[in-house]
Amino acid sequence: MDDLRLNVGLLRRKVPNLTSAARQVGLRPATVSNLCTGKIPVGRAEVRTLAALASLANCTLDDLIIRGEKIEMIETKIKTLDLFAPLAKGGTVGLVARPGMGQLVVLAELLYRLKNDGYQTILLMPEGEHRGVDDLAENVDVITHSIGETNRKIIELGGGQEIIFVADRSHVITGGIQELQENLQEKGIHSVTTFLVDLTGDAVDENLPYGPLETLWQFDADLVARHRYPAVSPLGSVSSVLEGAHLDQEHFAVQQKALKLLRRYRELRSLVTVGGIDRIPASELQTYRRGERLEAYLTQPFYVAEAFTKKPGASVSLQETLNDVKEIMNGSADSKEVAELELIGSLQP
């Protein structure tokens, strides 16, 4: 049962307005979202839920549930993304943030990195003036101004070219993104990884802001307030790559242990905020200290922000990240000051 997954692409094509459609048949949008990203394994879903989704998509359960081939991960060499919510190649990723939380900086950095890795990058220019969009445009190969123009450009590039496509969420609401993805599927083009960004911040207050997604990056106001960048929440972000059948077991074990540590650290930090470090039981002090160090380590200097951070950008392979996180969790970094771990690459010089 572990290698079963939802056919998210089919759901996206057949039920563009999945949020409202799910509610109308008595399904919780959050449950549907968690099934799409793999946070809830298909094997643990209620039969009623799966049957309702199949009915909405006007397909059979056999069409809706597929025996998953390995979902390929795009390694970004950004520590917190690769560890907690990896990019699914050819999938759709949604960024959920309020304005000013650094989502466009993360996108600009990804475009810079992936363009240098040989991906063709396309930006569907959003309407209106939005701070930070010009920084995105610096690292794209093609700028388009409509869904139709985007469709033509991608078809011109063909199915052999790996493509990164960035668009504003407004095109999800109008149905344009679904139409584009359906057209590309019909043309046999499956090599487009789509990033959807909400420039208004409206998606923060919705359970299912973009329809079915393979990856969801949720930005964290608490991390922003403490200048912990990139401020992508390890606890709130999910990816279909993290389904048990697709994830390397070392990655899965480290990721789960790190999540547990960060979750407890957040709880302890709230005690410290109210009453100081003395409020933490002696037995929990080590957990607090290691959580503090892990959170600091997950910050990272970006290439596109070197002028602001005054630090050179850093790339850290997934294996380096796993090794470093294990060291922090087992106490090998206990002697380091928290400040030594902020805005660095890997632990090893």
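If you check the side chains of N323 and E327, you find no donor sitting under 3.5 Å from an acceptor. With hydrogens and angles left out, the side-chain atoms of T31 and E46 include no donor and acceptor closer than 3.5 Å. A donor-acceptor contact closer than 3.5 angstrom links the side chains of D63 and T60. Side-chain contact annotation: Y210 with S33, donor-acceptor N/O pair under 3.5 Å absent.
Considering only heavy atoms from C-beta on, L6 comes within 4.5 Å of L50 through its side chain.
With respect to the salt-bridge test (charged N to carboxylate O, under 4.0 angstrom), the residues D222 and R269 qualify. Between E206 and R169 there is a salt bridge, since a side-chain N of the basic residue sits under 4.0 Å from a carboxylate O of the acidic one. Ion pair R113/E109 flagged as a salt bridge, since at least one NZ, NE, NH1 or NH2 atom sits closer than 4.0 Å to an Asp/Glu carboxylate oxygen.
The SG atom of C36 sits 11.0 Å away from the CG atom of L216 when rounded to the nearest 0.5 Å. Separation of atoms CG (N116) and OG1 (T121) is listed at 9.5 Å; rounding is to 0.5 Å. Rounding to the nearest 0.5 angstrom, the gap separating the NE2 atom in H171 from the CD atom in E127 is 6.5 Å. Taken from CZ in F195 to OG1 in T215, the straight-line distance is 8.0 Å, to the nearest 0.5 Å. Between the CG atom of L136 and the NE2 atom of H130 there is a distance of 11.0 Å, given to the nearest 0.5 Å. Once rounded to the nearest 0.5 Å, the distance linking CD1 of I154 with CD1 of I163 reads 5.0 Å.
Applying the side-chain contact (heavy atoms from CB on, under 4.5 Å) criterion to L271, with sequence neighbours excluded, gives L268, R279. Looking at residues two or more places apart in sequence or on another chain, you find a side-chain contact (heavy atoms from CB on, under 4.5 Å) between T200 and D198, D202. K326 meets the salt bridge (Lys or Arg N to Asp or Glu O under 4.0 Å) test with E250; sequence neighbours excluded.
For residues 283-308, the salt bridge (Lys or Arg N to Asp or Glu O under 4.0 Å) pairs, not counting sequence neighbours, are R226-E295, R228-E295, R264-E284, R266-E295, R289-E292, R290-D334. Within the structure, salt bridge (Lys or Arg N to Asp or Glu O under 4.0 Å) pairs that include any residue of residues 131-156 comprise K115-D141 (at least two apart or interchain). The stretch residues 179-193 participates, sequence neighbours left out, in no salt bridge (Lys or Arg N to Asp or Glu O under 4.0 Å) pair at all.
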**Report entry** Derivation of the side-chain contact (heavy atoms from CB on, under 4.5 Å) call for F165 and I177
**Finding:** CA-CA 11 Å; F165 168 53; I177 293 294; 3.9 Å; yes

